[in-house]
Amino acid sequence: MNFDETIAAISTAPGTGAIAIVRMTGPEAWTITGKFFCSKSKKPLLDSLKSHVSMHGFVRDAASDQIVDEVVVIPYKGPNSYTGEDLIEINCHGGQIVTSEILSLCLANGARLARQGEFTQRAYLNGRMDLTQAEAVLDVIQAKTGLQSRFAVSALKGELGGQIEKVRLSLVELLSRIVAGLDFPEEVGDMPLDDLEKIVQDAGKDLQVLLSTARSGRFLREGVRVAIAGKPNAGKSSLLNQLLKFERAIVTDVPGTTRDSLEELLDMNGIPVLLIDTAGIRSTDDQVEKIGIERTRKAIAQSDLVLLVTDVLTGWTDDDKLVLDLVADRPHIILANKVDLVEEFDFSDQYLSNNQCLARIPISAKTGSGIAEFSDAVERWVFNDQQLKDSGGSLNARQGELCERALRSLALVQETAANDMPQDCLATDLKMAIDSLYEMSGEMVSEAIITNVFAKFCIGK
Ligand SMILES: Nc1nc2c(ncn2[C@@H]2O[C@H](COP(=O)(O)OP(=O)(O)OP(=O)(O)O)[C@@H](O)[C@H]2O)c(=O)[nH]1
Ligand SMILES: [Mg+2]
């Protein structure tokens, strides 16, 4: 990356709004602004700019001698800025024309258009944040629920990076001690095996905890695909409507009402859930229904979790068994629906399922009873029954892979130590574990990985 270049972009979302922000960073950011930022009397205002102090003025196009907009600029002197360089934010009115005219003035006066994520990439390369924080910036922007956002903000504050660093420091200290023993066998000697094993074990435990956040992290970032399956008339579409709080799907007492799968996004206890209502499963000769049932099979196969809805009025029938056969190999929750129609209800043995069954809950899609209980069951499953909601963020796929790699290296260290091999044999694996952790926080990553991370950003961030 060429830090001599000054870059500019519109940082707010496209479209009209009350205000918009054009951002510029790089060595010429302030000077370029000085070429078009002036007072009402067209007096240049560059000399009056002070870091972190906003200033009111006008943007003037010298070529046409026209005032483009009335603006407030906020200048930041590097290194105390988002990017670590001189940076300026021009707050203008939110019209598409003024924002693009101001951007054009930045470009005409020497800036170039920023690439995707280039502001954050500069912040990372200038040491203003580690890679986990830069990745969290993207997560904060893309968050669709409050919980997702809270997780991302924890990582943004550096809590995730801090946890990785803690493990890394303990391993670096261990490696230094081992290397000192190898260099000075007489004076220092081998590290006592018990001490070595304890440090490696503790590091492994901490990494396991971090790794367990990767699964919930994936669900929080990408959402959980939840298929609602069951025999016709069990109340699947009614459940969808109850969860969404509006009449999204057609509900009738005619079995086979839903013919095509239907998808809707839902915020379930802060977890983004893609709900898929499906056609009821039963043996049928109806051609259209058959196609619908085929789609149901596909929806089940592609889902992370299935809600198997059954009807307490009919009890557990052959059609329910047909559905259970389809969902048996994936996580599912059995929901016995329409309990508002019976005096009391108990799950009998016939509802028995296998170990992929997370819970069996009586509900009423009509009154909403049992819905909170089943939302909690989904939440517990997403978070693996752990209190990860309070943890300092979650690993993304890239970080998860590196965490697994570090754990594999630590397992080799333990194996070597247990076999009483000379300590120089385990130094290489220990070094590999440390390198994986450096790569996680971005202190030792290839150009290709950095480019890949920032390519996911939008321009202006
Ligand atoms: N009393 C009561 N009736 C319900 C409940 N859930 C669904 N129903 C009724 O059961 C009938 C079928 O409901 P749907 O939601 O269309 O059932 P479905 O499983 O989507 O049916 P198909 O689309 O045909 O597979 C409708 O008459 C609903 O009003 C419930 O919890 N209580
Ligand atoms: Mg339906």
Side-chain angles (χ1 to χ4, degrees), residues 225-266 268 273-303 305-328 330 332-348 350-351 353 357 359-378:
R225 288 183 73 88
V226 177
I228 308 176
K231 64 189 172 195
N233 235 20
K236 302 178 292 299
S237 301
S238 305
L239 175 63
L240 176 90
N241 292 347
Q242 171 65 245
L243 288 167
L244 294 174
K245 303 276 178 244
F246 72 96
E247 300 297 308
R248 173 67 180 88
I250 300 171
V251 166
T252 73
D253 55 5
V254 182
T257 300
T258 305
R259 296 297 181 106
D260 206 353
S261 300
L262 195 158
E263 299 187 355
E264 277 295 329
L265 198 65
L266 171 77
M268 189 182 275
V273 165
L274 185 72
L275 275 179
I276 306 146
D277 181 24
T278 64
I281 294 171
R282 64 172 167 183
S283 333
T284 174
D285 291 329
D286 182 310
Q287 274 308 315
V288 181
E289 203 175 347
K290 268 187 175 171
I291 297 171
I293 293 173
E294 200 38 51
R295 290 194 180 173
T296 301
R297 286 177 201 273
K298 272 201 193 124
I300 291 173
Q302 290 167 355
S303 64
L305 177 71
V306 185
L307 305 177
L308 196 168
V309 184
T310 178
D311 184 337
V312 296
L313 287 185
T314 64
W316 191 250
T317 63
D318 284 347
D319 283 339
D320 289 308
K321 286 180 199 150
L322 210 64
V323 185
L324 184 60
D325 282 347
L326 285 180
V327 309
R330 53 188 52 244
H332 59 269
I333 296 176
I334 296 183
L335 299 174
N337 189 32
K338 308 190 189 178
V339 283
D340 56 291
L341 295 177
V342 291
E343 285 287 310
E344 52 185 88
F345 173 78
D346 270 324
F347 278 102
S348 64
Q350 53 180 344
Y351 284 93
S353 188
C357 180
R360 299 187 304 175
I361 303 166
I363 62 159
S364 166
K366 188 175 175 189
T367 66
S369 80
I371 299 290
E373 201 184 335
F374 118 75
S375 302
D376 289 347
V378 173

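For ligands, and for the atoms within them, numbers begin at 1 and follow the listed sequence.
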Salt bridge flag under 4.0 Å for residues Lys338 and Asp311: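 Salt bridge: yes.
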Test of understanding: with side chain to side chain contact (heavy atoms under 4.5 Å, CB included), list the residues that count as partners of Ile361, not counting sequence neighbours.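 For Ile361 the side chain to side chain contact (heavy atoms under 4.5 Å, CB included) partners, ignoring immediate neighbours, are Ile333, Leu335, Ala359, Ile363, Glu373, Phe374, Ala377.
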Would you confirm whether [X], through its side chain, and [Y], through its main-chain N or O, come within 3.5 Å as a donor-acceptor pair?
X: Thr278; Y: Ile228; result: yes
X: Asn337; Y: Ala365; result: yes
X: Asn241; Y: Arg248; result: yes
X: Thr257; Y: Asp253; result: no

Please report the C-alpha distance between Thr258 and Asp277 in whole Å, then the side-chain angles of each, then the deciding distance to 0.1 Å, and finally whether the side chain to side chain contact (heavy atoms under 4.5 Å, CB included) criterion is met. CA-CA 8 Å; Thr258 305; Asp277 181 24; 3.7 Å; yes
Over all heavy atoms of both residues, which pair between Val339 and Ser364 is shortest? Give the atoms and the distance, please.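 Heavy-atom minimum between the residues: CG2-N, 3.9 Å.
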Under 2.8 Å from the Mg ion (ligand 2), which protein N/O/S atoms are there?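 As for protein N, O or S atoms lying under 2.8 Å from the Mg ion (ligand 2), they are Ser237 OG, Thr258 OG1.
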Would you mind listing every salt bridge (Lys or Arg N to Asp or Glu O under 4.0 Å) that reaches into residues 227-239, with sequence neighbours excluded?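 Matches after skipping sequence neighbours: Lys231-Asp320.
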Atom pairs, nitrogen or oxygen, ligand 1 to protein, under 3.5 angstrom:
from, atom 1, to, atom 2, distance (Å)
ligand 1, 1 (N), Asp340, OD2, 2.9
ligand 1, 6 (N), Asn337, ND2, 3.1
ligand 1, 10 (O), Lys338, NZ, 3.2
ligand 1, 15 (O), Ser237, N, 3.4
ligand 1, 15 (O), Ser238, N, 2.8
ligand 1, 15 (O), Ser238, OG, 2.5
ligand 1, 16 (O), Thr252, O, 3.4
ligand 1, 17 (O), Gly235, N, 3.1
ligand 1, 19 (O), Ala234, N, 3.2
ligand 1, 19 (O), Gly235, N, 2.9
ligand 1, 19 (O), Lys236, N, 2.8
ligand 1, 19 (O), Lys236, NZ, 2.7
ligand 1, 20 (O), Ser237, N, 2.9
ligand 1, 20 (O), Ser237, OG, 2.9
ligand 1, 21 (O), Asn233, N, 3.0
ligand 1, 23 (O), Thr258, N, 2.9
ligand 1, 23 (O), Thr258, OG1, 2.8
ligand 1, 24 (O), Gly256, N, 2.7
ligand 1, 24 (O), Thr257, N, 2.8
ligand 1, 25 (O), Lys236, NZ, 2.8
ligand 1, 25 (O), Gly280, N, 3.3
ligand 1, 31 (O), Asn337, OD1, 3.1
ligand 1, 31 (O), Asp340, OD1, 3.4
ligand 1, 31 (O), Ser364, OG, 3.3
ligand 1, 31 (O), Ala365, N, 2.9
ligand 1, 31 (O), Lys366, N, 3.1
ligand 1, 32 (N), Asp340, OD1, 2.8
ligand 1, 32 (N), Asp340, OD2, 3.4

